[in-house]
Amino acid sequence: MPAVQETVDQVRRIDIDQYKYGFETVIEVDKAPKGLSEDIIRFISAKKQEPEWMLEWRLDAYRRWLTMEEPTWARVEYPKIDFNDLYYYAAPKGTSGPTSIEDVDPELLRVYEKLGIPLREQEILAGVKTSRVAVDAVFDSVSVVTTFKKELQKAGVIFMSISEAIREHPDLIKQYLGSVVSTTDNYYATLNAAVFTDGSFVFVPKGVRCPMELSTYFRINEKNTGQFERTLIIAEEGAYVSYLEGCTAPQRDENQLHAAVVELVALDDAEIKYSTVQNWYPGDAQGKGGIYNFVTKRGDCRGHRSKISWTQVETGSAITWKYPSCILRGDESRGEFYSIAVSNGHQQIDSGTKMIHLGKNTSSRIISKGISAGKSNNTYRGQVSIHRRAENARNFTNCDSLLIGDRCGAHTVPYIDVKNASAQIEHEATTSKISEDQKFYAMQRGIPEEEAIALIVNGFVKDVIQELPMEFAVEAQKLIGISLEGSVG
Amino acid sequence: MNMLTTNPPAARLTAAETALVEAFSAQIGELPGNGAVIGTRDRLLDDLKKSGLPTRRIEAWHYTDLKNLLRAIPEAQATAATEAVAPLVDGATVLSVLQGVADSRAAVDGVDIASLKDRLVDGTAAAGLTALDKDDAIGRINGSFVRDGYVLNFPAQAEIAAPIELQARHAGGQIHTRFPVSFGEGSKATVIERHQAVTEDAALVSSISDIVLEEGAEITWIILQQQGLADTHLGQIRVKLGKDAKLRLFVINAGGKLVRQELRIEVVGEGAELTLRGVNLLGGESHTDVTLVLGHNVPHTNSTETFRNVVFDRASGVFQGMIRVAPDAQKTDAKMACNTLLLSDEADFAAKPELEIFADDVICGHGATVTDISKTHLFYLMARGVPENKARAMLVNAFVAEIVEELEEEKLVEALEDIVSAWLEKHA
């Protein structure tokens with residue numbers, strides 16, 4: 001069982017808080033003054049050299065946000081956030097925007113090396129062709145570099161930071177930005193619209209299959225900084241793209257805010273596969289510190305036969321509030337949601353999905369695996385909604401929860417709304433602990449308890465891991481092992 | 001801070017809310033009760049006035065926005081003529097509540113029966129008039145207005161062979177009844193709680209059954225709701241299940257325009273067992289909401305819940321089922337299923353089966369389905385020469401009958417099957 005042993009060993013090497021990305025990098029930064037006001041938004045917009053209409057868009061959102069109230073329906077508890085006690089813009093000095101790899105501060109490159117993110121375009125390594133992934137690296141508020149841009153351009157794929165896209169492709173931005181998650185959607189999405197600083201933009205034109213995996217790596221480094229990124233992915237008719245997202249942050253005593261918005265648009269016959277490995281700092285064993293992760297992710301299957309698939313592995317963050325959704329507008333469109341949510345320590349997760357069936361013959365599939373350990377609370381909250389005209393809609397939902405330890409909680413809150421008689425909806429959920437029989441079976445064969453649990457847990461989440469691209473699947477499996485360390489016995 | 005956290009100004013009351021408040025001032029003089037009861041009524045109505053009727057913003061009422069759905073309150077009608085009818089099964093003892101008044105003098109050997117009115121007057125029923133939580137609108141309405149009902153005490157080891165039928169019939173108006181029942185240690189009984197409209201005149205009905213099962217009691221409780229097409233029925237059953245107690249609870253909804261049936265069950269004794277079955281027959285323009293909150297509070301308890309819903313016409317149905325397992329309630333085994341046949345494109349159904357689990361050594365699960373009649377089943381029957389409409393009726397009937405048959409007592413099963421068939425014939 002080398003893979004499992006490796007996980008256990010790796011866990012042992014890590015300090016008590018088990019978070020290996022907790023280092024902080026001392027780097028010179030350019031910061032906006034603390035607080036939130038129209039001036040700060042003007043500052044951000046100016047920094048990004050945005051056109052006037054973009055600034056107006058942001059200010060509109062900000063004014064709307066001032067009238068909104070923080071949602072309280074989720075099963076998460078946290079002290080009130082003082083939105084004026086945050087920095088809304090922090091950028092490493094000298095990186096006003098993405099540049100070529102040669103111009104990037106070597107200190108920054110070391111950060112990403114340490115995190116294991118390849119920013120150098122290595123094509124051939126020791127004669128072996130490695131799988132290639134184009135990376136957009138976002139550090140605090142800015143994108144520091146985007147790799148493989150030229151090669152992608154040849155295929156017609158636009159992959160760049162969203163700030164760059166606002167300047168270079170204003171027509172696409174005007175057409176699509178806010179068309180899936182409007183600026184009035186919810187409290188955090190509206191805040192994001194006002195103050196978002198960077199993120200990725202992907203445009204795959206008609207008939208193009210993106211030649212490589214695209215990925216963005218988000219890193220929060222600065223103290224008291226909120227990260228507000230915005231990602232927009234558009235797949236035109238018949239296009240295909242697979243996009244990966246990873247996140248880490250330093251270990252700190254205070255809580256940091258992360259409120260992102262992701263919008264996906266799939267036109268006729270297009271397919272978007274969006275995978276996330278979220279490993280923000282979860283706080284220490286006493287529940288101190290950690291990231292507040294309030295994210296709005298939504299995909300719009302606008303075209304017929306389009307498909308959007310969300311896969312997420314959530315192991316980090318003190319609080320997760322996240323419901324990647326699909327609007328199945330096109331006929332025969334399909335939405336998928338595969339999720340593993342692991343909570344340990346004092347983490348609180350309230351996550352799930354929404355499948356909104358509007359078109360005819362649409363289908364959706366939800367597989368959610370929640371694992372709670374320690375004193376954590378893990379909630380699946382999902383909605384399947386079949387509208388009046390959505391003939392022959394089909395949904396299958398399966399949410400399983402695994403409890404490790406008797407101080408944690410696992411909750412399932414599905415909402416099923418059906419307004420068309422031809423729909424076929426199935427929902428099932430189970431909650432249990434690791435069975436003694438399974439554990440005994442493994443241990444009796446000489447596998448230590450911790451490893452036996454890792455083995456069983458890996459089996460429990462296999463359905464979802466299978467959906468991840470190779471590079472992520474290995475990392476995800478290790479992460480789950482690490483996140484659960486200390487939860488046994 | 002740019003967020004203001006001031007309390008919103010007191011909301012204006014809707015027509016129905018105003019009518020409730022006015023009805024209370026008009027009736028308070030004649031509502032039975034001693035000082036303690038009157039005080040409690042005042043407080044509950046005050047809470048209701050402050051919070052208003054619940055809206056969809058309140059999670060527990062998400063699918064039944066009572067503030068919007070309950071438009072008007074019918075006038076109180078004290079003198080409408082109704083009379084008791086034959087019980088559902090032969091040999092049952094009928095305790096009738098006609099137009100909200102417990103008028104029966106029937107006695108059951110070995111059971112202590114009193115009218116709730118008497119208990120309100122002497123104040124012994126005061127403690128039971130409560131709202132279970134801040135969202136318990138039914139508790140508030142019923143506690144404010146309740147006039148009568150029966151208080152039953154089954155002494156320890158009492159075994160009552162013949163069913164007892166609590167027969168609540170009305171001819172419109174405002175009807176508020178309540179049935180506090182305690183089943184002593186090792187007692188055995190079957191109780192049928194039957195709500196029926198005699199006329200088409202609109203009624204606002206609230207009814208709360210508050211039942212306690214002591215150690216080892218084995219009880220079958222059946223709620224049969226057959227209100228009229230214009231009626232609002234706000235029903236609630238509160239259950240406490242003691243050690244090794246066994247409760248079979250059957251809930252059948254086959255009427256009403258706006259129905260909310262709450263099942264609030266707390267399992268508080270080890271070894272207790274709950275078998276909960278529900279059938280909801282929904283048609284016309286009705287809205288029916290069955291909301292279950294089931295708490296497994298101690299180790300080693302079991303429950304199974306199965307609900308079957310059939311939705312015709314422009315009806316809308318709701319099922320909310322929450323199973324809560326408290327910390328330390330290890331070895332809980334709870335299984336819930338909610339199956340719905342949605343038979344009209346103008347009908348809708350919403351299901352929210354919830355699990356809230358704080359103990360690790362448990363087996364809990366829920367399943368929910370919403371579909372039309374299976375085409376293969378239909379084909380099977382039609383291939384054998386059964387015409388389509390008949391085949392459909394057979395399948396719908398079988399879907400529901402499966403639940404009713406679990407009651408086992410032949411006479412009861414037959415009586416309920418007749419009610420189901422008659423209903424389906426009228427609506428299919």
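First the proteins, then the strands, lettered A, B, ... as listed; each starts at 1.
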Option that, when pairs with chain B are counted at under 4.5 Å, heavy atom only, ranks first among [options]:
options	result
A:Thr412, A:Ile434, A:Leu403	A:Thr412
A:Glu428, A:Lys433, A:Glu436	A:Lys433
A:Ser385, A:Pro414, A:Ser432	A:Pro414
A:Cys399, A:Ser401, A:Cys408	A:Cys408

For the atom pair [atom1] ([X]) and [atom2] ([Y]), what is the distance rounded to the nearest 0.5 Å?
X	Y	atom1	atom2	value
B:Glu270	B:Leu241	CD	CG	13.5 Å
A:Ile340	A:Asp463	CD1	CG	9.0 Å
B:Ile357	A:Asn377	CD1	CG	11.5 Å
B:Asn389	B:Arg392	CG	CZ	9.5 Å

Between [X] and [Y], does any side-chain donor sit less than 3.5 Å from a side-chain acceptor?
X	Y	result
B:Arg314	B:Ser344	no
A:Ser364	A:Asn395	yes
A:Ser376	A:Gln347	no
A:Gln383	A:Tyr323	no

Review point. In this structure, are over 12 heavy atoms from other groups packed under 6.0 Å from A:Arg388 atom CZ?
Key: yes
Practice item. Inspect the surroundings of CZ in B:Arg56 and state if more than 12 heavy atoms from other residues, nucleotides or ligands are less than 6.0 Å away. Key: no
Between [options], which has the largest tally of heavy atom pairs under 4.5 Å with chain A?
options	result
B:Ala351, B:Pro327, B:Gly365	B:Ala351
B:Thr369, B:Ile373, B:Leu355	B:Leu355
B:Asp372, B:Val325, B:Leu342	B:Leu342
B:Asp348, B:Val311, B:Asp360	B:Asp360
B:Pro353, B:Ala359, B:Gly367	B:Pro353

Below 4.5 Å from any heavy atom of chain A, which atoms of [X] appear? Answer side chain, backbone, both or neither.
X	result
B:Ala368	both
B:Gln320	neither
B:Glu59	side chain
B:Phe319	neither

Check your understanding: Can we call the ring centroids of B:Phe358 and A:His411 under 6.0 Å apart?
Key ->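 Yes, close enough.
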Review point. Taking the six-membered ring for Trp, are A:Tyr188 and A:Trp321 ring centroids under 6.0 Å apart?
Key: yes
Exercise for review: Identify which part of A:Arg75 has an atom lying under 4.5 Å from any heavy atom of chain B, answering side chain, backbone, both or neither.
Suggested key: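 Side chain only.
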Check your understanding: Are there residues of residues 415-424 of chain A that reach to under 4.5 Å of chain B by heavy atoms, and which ones?
Key ->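 Counting heavy atoms that sit under 4.5 Å from chain B, the residues of residues 415-424 of chain A involved are A:Tyr415, A:Ile416, A:Asp417, A:Val418, A:Lys419, A:Asn420, A:Ala421, A:Ser422, A:Ala423, A:Gln424.
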Exercise for review: Using a 4.5 Å cut-off on heavy atoms from C-beta on, say whether the side chain of A:Leu257 contacts that of A:Phe83.
Suggested key: yes
